[in-house]
Amino acid sequence: AQSVTQLDSHVSVSEGTPVLLRCNYSSSYSPSLFWYVQHPNKGLQLLLKYTSAATLVKGINGFEAEFKKSETSFHLTKPSAHMSDAAEYFCVVSVGDYKLSFGAGTTVTVRA
Amino acid sequence: NAGVTQTPKFRILKIGQSMTLQCAQDMNHNYMYWYRQDPGMGLKLIYYSVGAGITDKGEVPNGYNVSRSTTEDFPLRLELAAPSQTSVYFCASSLDRGEARYGYTFGSGTRLTVV
C-alpha cells in the first residue's frame, strides 16, 4: 500500500535560513507525490508535485523537492525562509488512480 | 471562478444533533472527496464520488452519509453527532481520474465542534 511518513512533526528556523522538511514514501510502483501547505485557518494549497518527470521539482514561493528513488524520499527545501512560510506542510502520495494518502504534517515556525 | 466552496465555515453541534456540510464546485469536476483533519493525523478520506449518482466509502465513513445528485454538489451528512466527530472537514475535487494524479482543488474547510 502507498503511504508517506513525515519525519518531523515540528521544524523551527530563523528567517533567512534554509528550510528542510523530510518525507519518506512507501509505494509498490512509481508514485505521484505532492507537497501541500496549509496556513492557519486556511484550506490546503498545492506547493508542487512529482509525476515521474524531472526528479527535481520546483514549486511556488521558492520551494523545491527532490525525488530520490534509491532513498524513497521526497524532501522539501527552501534556501531562505520567510515569515510567511510559517504554516503546516503535508507530504502526500497518490493511492491508486485518484485517491490521496496524507502524511501527519510538519508545522513550520519561523523566528524573526 | 470560485473553485470549491464549503459552508458553513464554523459550527457547534450538540451530541445527537444532525447537520449537513455543504460543498459545491463550479469547475465541472467529476471527482469529489470529503476528508477530515485531526491534529497530528493528517487528512483521512471519509467518502468520495466519481460522478453524479456514484459514491463510495473512504477510510473513515462511519457516522457519515453522502449523496451526489448533481456534478456540482457533494453534501456530507452527520445524522447523530458525536464528540469523536469534532474535526475540520475539507471538501476537494479533481476533473477526472487522470488529473487527480496531479493534485486536488481543496475548499477552505468547515470547523465542527460537537459538545
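Sequence lines set the chain letters: A, B, ... in the order given, protein chains first and strands last, and positions in each chain run from 1. Side chains are part of it too, since the values below use all heavy atoms of this structure and drop only hydrogens, waters and symmetry mates.
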Heavy-atom proximity to chain B below 4.5 Å, by part of A:Glu88: side chain

Are B:Val66 and B:Val50 connected in the hydrophobic side-chain network, where two residues link if heavy atoms are under 4.5 Å apart? no

So, for B:Phe90 and A:Gln38, which heavy atoms are closest and what is the spacing to 0.1 Å? CZ-NE2, 3.1 Å

Largest heavy-atom contact set with chain A, pairs under 4.5 Å, which of B:Gly58, B:Ala92, B:Gly42, B:Gly109: B:Gly42

Is A:Gln45 in contact with chain B via its backbone, its side chain, both, or neither, using a 4.5 Å heavy-atom distance? neither

Distance col, row A:Phe102:CZ vs B:Met41:CE, nearest 0.5 angstrom, shows 14.0 Å

Keeping the roles fixed (side chain from B:Tyr104, backbone from A:Leu46), state whether a donor-acceptor pair exists under 3.5 Å. no

In terms of heavy-atom proximity below 4.5 Å to chain A, should B:Val88 be classed as side chain, backbone, both, or neither? neither

Where does B:Leu43 contact chain A at under 4.5 Å (heavy atoms): side chain, backbone, both or neither? both

Please answer: with hydrophobic residues joined when any side-chain heavy atoms are less than 4.5 Å apart, are A:Leu7 and A:Val4 in the same cluster? no

Heavy-atom contact with chain A under 4.5 Å, split by part of B:Gln37: side chain

Ring centroid separation A:Tyr36 to B:Phe106 under 6.0 Å: yes

Linking I/L/V/M/F/W/Y whenever any side-chain heavy atoms sit under 4.5 Å apart, do A:Val19 and A:Ile60 land together? yes

Count the heavy atoms belonging to other residues, nucleotides or ligands that lie under 6.0 Å from CD1 of B:Ile12, then report whether that count exceeds 12. no

Could you walk me through whether B:Tyr35 and A:Leu100 satisfy the side chain to side chain contact (heavy atoms under 4.5 Å, CB included) test, starting with their C-alpha distance in whole Å, then the side-chain angles of each, then the deciding distance to 0.1 Å, before giving a yes or no? CA-CA 10 Å; B:Tyr35 285 86; A:Leu100 302 181; 3.8 Å; yes

